[in-house]
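Structure, as structure tokens:
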Amino acid sequence: MDHEEFAARTQAIRARLYRTAYLYLGCEADALEAVDEAVYQALRGLKKLRQPAFFETWLMRILLNQCHRELRRRRRLAGEESLPESAGPDAYDGLPLREAIRRLPEELQQVVILRFFTGCTQAETADALGIPQGTVATRQRRALALLRLELGEEETP
């Protein structure tokens, strides 16, 4: 794959990459930075891409790794709390579904975000996370069950 094809394919999925990073990080600036860093890392490691057919999955995996690095950095800076609780421009982050997703274990959170918010198929999710499709299906069922329980409890007065 040459640099022109890389640029064209990256541009075609840039919105999907941003949406994924934003859902993970919850901050527009951090999401933009994560996408930029992931694209930079992908460009530097372009020769490591063995099968150009898996370009999107490969780039998504690089982005997920970048988001995880940012979340770990936040935890180091703020103790155990990974996301700020303050209201501000991102005040809509307090929506029950978004908060319920953030309270899921990380491996379940990844599957929910990739499957339902970025539009990845089960196979793409499995490739991006480096896990079998059956594990994706199991985590998806478990995450949805936990979300139903949590959201059902929040709706009760």
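Note: hydrogens, waters and symmetry copies are ignored here, and every other heavy atom, side chains too, is used. For this chain, numbers begin at 1 and follow the sequence in order. Quick caveat: nothing in here was measured; it's all calculated off a predicted structure.
No donor-acceptor pair under 3.5 Å is formed between the side chain of Arg115 and the backbone N or O of Val136. Remark: side-chain polar atoms of Arg19 are paired, donor with acceptor, to backbone N or O of Phe117 under 3.5 angstrom. A donor-acceptor pair under 3.5 Å links the side-chain atoms of Gln122 to the main chain of Gln133, judged by distance alone.
Contact check for Val39 versus Arg14: side-chain heavy atoms found under the 4.5 Å cut-off. Here the side chains of Leu64 and Gln110 are not in contact, with every heavy-atom distance at 4.5 Å or above. You'll find the side chain of Ile131 reaches within 4.5 Å of the side chain of Arg139, heavy atoms only. Side-chain contact between Thr10 and Phe55 is present, with heavy atoms from C-beta onward closer than 4.5 Å. With contacts defined as side-chain heavy-atom distances shorter than 4.5 Å, the pair Leu63/Tyr24 does not qualify. Between Leu114 and Met60 the shortest side-chain heavy-atom distance falls below 4.5 Å. You'll find the side chain of Arg103 stays beyond 4.5 Å of the side chain of Leu146, heavy atoms only. Leu108 places a side-chain heavy atom less than 4.5 Å from the side chain of Arg142.
Ala21 approaches Cys67 most closely through the heavy-atom pair CA-SG, 3.8 Å. Between Gln109 and Ile101, the shortest heavy-atom distance links the atoms NE2-O, 3.0 Å. Across all non-hydrogen atoms, the minimal contact from Val112 to Ala143 is CG2-CB, 3.4 Å. The heavy-atom pair separating Leu129 from Arg61 by the smallest distance is CA-NH1, 3.4 Å. Nearest heavy-atom pair, Ala100 versus Glu150, reported as atom, atom and distance to 0.1 Å: CA-OE2, 3.9 Å. Between Ala53 and Arg9, the closest heavy-atom pair is O-NH2, 4.3 Å.
The structure places CD1 of Ile113 at 8.5 Å from OG1 of Thr118, a figure rounded to the nearest 0.5 Å. Taken from CD in Glu33 to CG in Leu25, the straight-line distance is 9.5 Å, to the nearest 0.5 Å. Leu23 contributes atom CG, which lies 9.5 Å from atom OH of Tyr18 (distance to the nearest 0.5 angstrom). Rounded to the nearest 0.5 angstrom, Leu97 CG and Arg102 CZ are separated by 10.5 Å. Distance check, rounded to the nearest 0.5 Å: CD of Glu56 to SG of Cys120 gives 8.5 Å. Rounded to the nearest 0.5 angstrom, Trp58 CH2 and Arg50 CZ are separated by 11.5 Å.
Placement of Val111 and Leu71 within a single hydrophobic cluster is found when ILVMFWY residues are connected by side-chain heavy-atom separations under 4.5 Å, directly or transitively. Transitive grouping of hydrophobic side chains (ILVMFWY, heavy atoms separated by less than 4.5 Å) keeps Leu49 and Tyr40 in distinct clusters. By the criterion of side-chain heavy atoms lying less than 4.5 angstrom apart, applied directly or through intervening Ile, Leu, Val, Met, Phe, Trp or Tyr residues, Ile13 is grouped together with Ile62 in one hydrophobic cluster. Under a hydrophobic clustering in which Ile, Leu, Val, Met, Phe, Trp and Tyr are joined whenever their side-chain heavy atoms come within less than 4.5 Å, directly or via other members, Leu151 and Leu144 fall into the same cluster.
With hydrogens and angles left out, the side-chain atoms of Gln66 and Arg69 include a donor and acceptor closer than 3.5 Å.
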Report the C-alpha distance between Phe116 and Gln140 in whole Å, list the side-chain angles of each, state the deciding distance to 0.1 Å, and finish with yes or no for side-chain contact (heavy atoms from CB on, under 4.5 Å). CA-CA 10 Å; Phe116 299 108; Gln140 178 181 321; 3.6 Å; yes
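Checking His68, Arg73, Arg72 one by one against Glu70, the side-chain hydrogen bond (donor to acceptor under 3.5 Å, both in side chains) holds for a single residue, Arg73.
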